[in-house]
Amino acid sequence: MKIATWNVNSIRQRQTHVLDWLKRNEPDLLLLQETKCEAHQFPAQVFEDAGYVCNVVGQKSYNGVAILSRQPVDVLARSLPGLNDPEPPARYIEVRLGTLTVGDLYLPNGNSGGAAGFQGKLEFFDALERHAAVMLREGRDFILAGDYNVCPTDRDFAPGALPPTDALVRPESRAAFRRLLWLGLTDAVRALHPDETIYTFWDYQAGAFHRDLGLRIDHLLLSPRVAERLTSAAPDREERAMQQPSDHVPVMITLD
DNA sequence: ATGGCTCCTAAGAGGAGA
């Protein structure tokens, strides 16, 4: 079974990239973030024609998540449980495929909106941690994957790519990510590649990709039994070299 | 380089992104 996550930075701009990537890689599930349109604007038909079912949570202009699947799935949630927001942003969708629960998340960046913006990032993390704890207690098999907007350690960004005050490397952000690991979740890419320099994002500016000034911020976290099935995990770096790419690349795992 | 691009909306620049 193959499961991938990809922040596409506008699905309408990246429709052909995603379609071509699906055909080349044939994942069972593709988790998208930053689709940047309302659900009715999502180009579902082109993916359905390629054999994928689309479940979309959208809003105007910003955010937006979607899960594309070869098989129909049950949608369990369209916002992150435990976030008390009457109009939650389009940052979470959760589906069930067989006995596997899969949450697709787009965590707030946390650099905009001042102190309140950063606080919102930490609140999303807190709700995610509580939700993960509940699922573990219930003995469920699950994956929480997407754009976490955190470089977990200093190994996860190129020296000089970010100032130490950036919300992606702030100690509070990293502590929140570590708390998910301490619950018993496995960072799929790092578990299989403990010592490699691996990035999933390169800024559009200043030739960041060419200079390999990247970040590792897109992650797949696995519950214990799912982690036992993990056989591969890697970003598709080549996608960043395409014409008019997203600034993120897909990250895919394989489960036995 | 204190955002150097690329999205969005909307018809002007400006905000968000990381």
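Reminder, nothing fancy here: chain letters follow the sequence lines and each chain counts from 1. This is a predicted model, so every value here is computed, not measured.
A ring-centre distance under 6.0 Å is found for A:Phe177 and A:Tyr148.
Below the 3.5 angstrom threshold, one finds a donor paired with an acceptor across the side chain of A:Asp203 and the base of B:dG3.
Taking the ring centre of A:Tyr106 as origin, the terminal cationic atom of A:Arg91 falls inside the region bounded by 6.0 Å and 45° from the ring axis.
Counting heavy atoms of neighbouring residues, nucleotides and ligands inside a 6.0 Å radius, atom CD of A:Glu38 exceeds 12 of them. Other residues, nucleotides and ligands contribute more than 12 heavy atoms inside 6.0 Å of the CG atom of A:Asp49.
Judged by distance alone, the side chain of A:Arg12 and the main-chain N or O of A:Cys37 form no donor-acceptor pair under 3.5 Å.
B:dG3 sits 16 Å from B:dG14 when the P atoms are compared, rounded to a whole Å. Taking the P atoms as reference points, B:dT6 lies 24 Å from B:dA11, given to the whole Å. Going from the P atom of B:dC5 to that of B:dA10 covers 26 Å, rounded to whole Å. For the C1' atoms, the distance linking B:dG12 with B:dC8 amounts to 14 Å, nearest Å. B:dC7 and B:dT2 have their P atoms separated by 24 Å, with the value rounded to a whole Å. Nucleotides B:dA1 and B:dA16 place their P atoms 25 Å apart, quoted to the nearest Å.
Of the side-chain N and O atoms in A:Arg12, none sit less than 4.0 angstrom from OP1 or OP2 of B:dT6. Contact annotation: A:Ser10 side-chain N/O to B:dT6 OP1/OP2 distance is not under 4.0 Å. Listed pair A:Gln13 / B:dC8 meets the phosphate criterion, a side-chain N or O lying under 4.0 Å from OP1 or OP2.
In this entry the distance linking CD of A:Gln41 with C1' of B:dC8 reads 11 Å, nearest Å. One can place CD of A:Gln244 at 7 Å from P of B:dC7, the figure rounded to the nearest angstrom. As a whole-Å value, the separation of A:Leu168 CG from B:dG3 C1' is 14 Å. Rounding to whole angstrom units, CZ of residue A:Arg14 and C1' of B:dC8 are separated by 12 Å. Taking atom CD on A:Gln59 and atom C1' on B:dC7, their separation rounds to 14 Å, with Å as the unit. Here B:dG15 presents its P atom at 16 Å from CG of A:Asn111, a figure rounded to the nearest Å. B:dG17 atom C1' lies 17 Å from atom CH2 of A:Trp202, rounded to whole Å. For A:Lys60 and B:dA16, the NZ to C1' distance is 16 Å, given to the nearest whole Å.
A salt bridge links A:Arg225 with A:Asp141: the distance from a Lys NZ or Arg NE/NH1/NH2 to an Asp or Glu carboxylate oxygen falls below 4.0 Å. In this structure, A:Lys2 does not pair ionically with A:Asp28, as no charged nitrogen and carboxylate oxygen lie closer than 4.0 Å.
Checking B:dC7, B:dG4, B:dG17 against the side-chain heavy atoms of A:Ala206 singles out B:dG4 as nearest. With distances taken from any side-chain atom of A:Arg211 to the nucleotides B:dG17, B:dT9, B:dG4, the minimum falls on B:dG4. Taking every side-chain heavy atom of A:Gln205 into account, B:dG4 is the closest of B:dT9, B:dG17, B:dG4. Across B:dG15, B:dC5, B:dC7, the shortest atom-to-atom separation from the side chain of A:Tyr62 is found for B:dG15.
Note on A:Glu34: only backbone sugar-phosphate atoms sit closer than 4.0 angstrom, heavy atoms only; bases stay farther off. A:Ile217 comes within contact range of the sugar-phosphate backbone alone, with a heavy-atom separation under 4.0 Å but no base atom that close. Residue-level contact check: A:Tyr106 touches the backbone only, with heavy atoms under 4.0 Å from sugar-phosphate atoms and none from bases. Residue A:Asn7 is classed as a sugar-phosphate contact, given heavy-atom separations below 4.0 Å to backbone atoms only. If you check every strand for non-hydrogen atoms under 4.0 Å, A:Asp147 touches sugar and phosphate atoms only.
Mapped onto DNA chain B by nearest heavy atom, A:Pro245 and A:Phe201 fall at different nucleotides, with A:Pro245 at the one closer to the 5' end.
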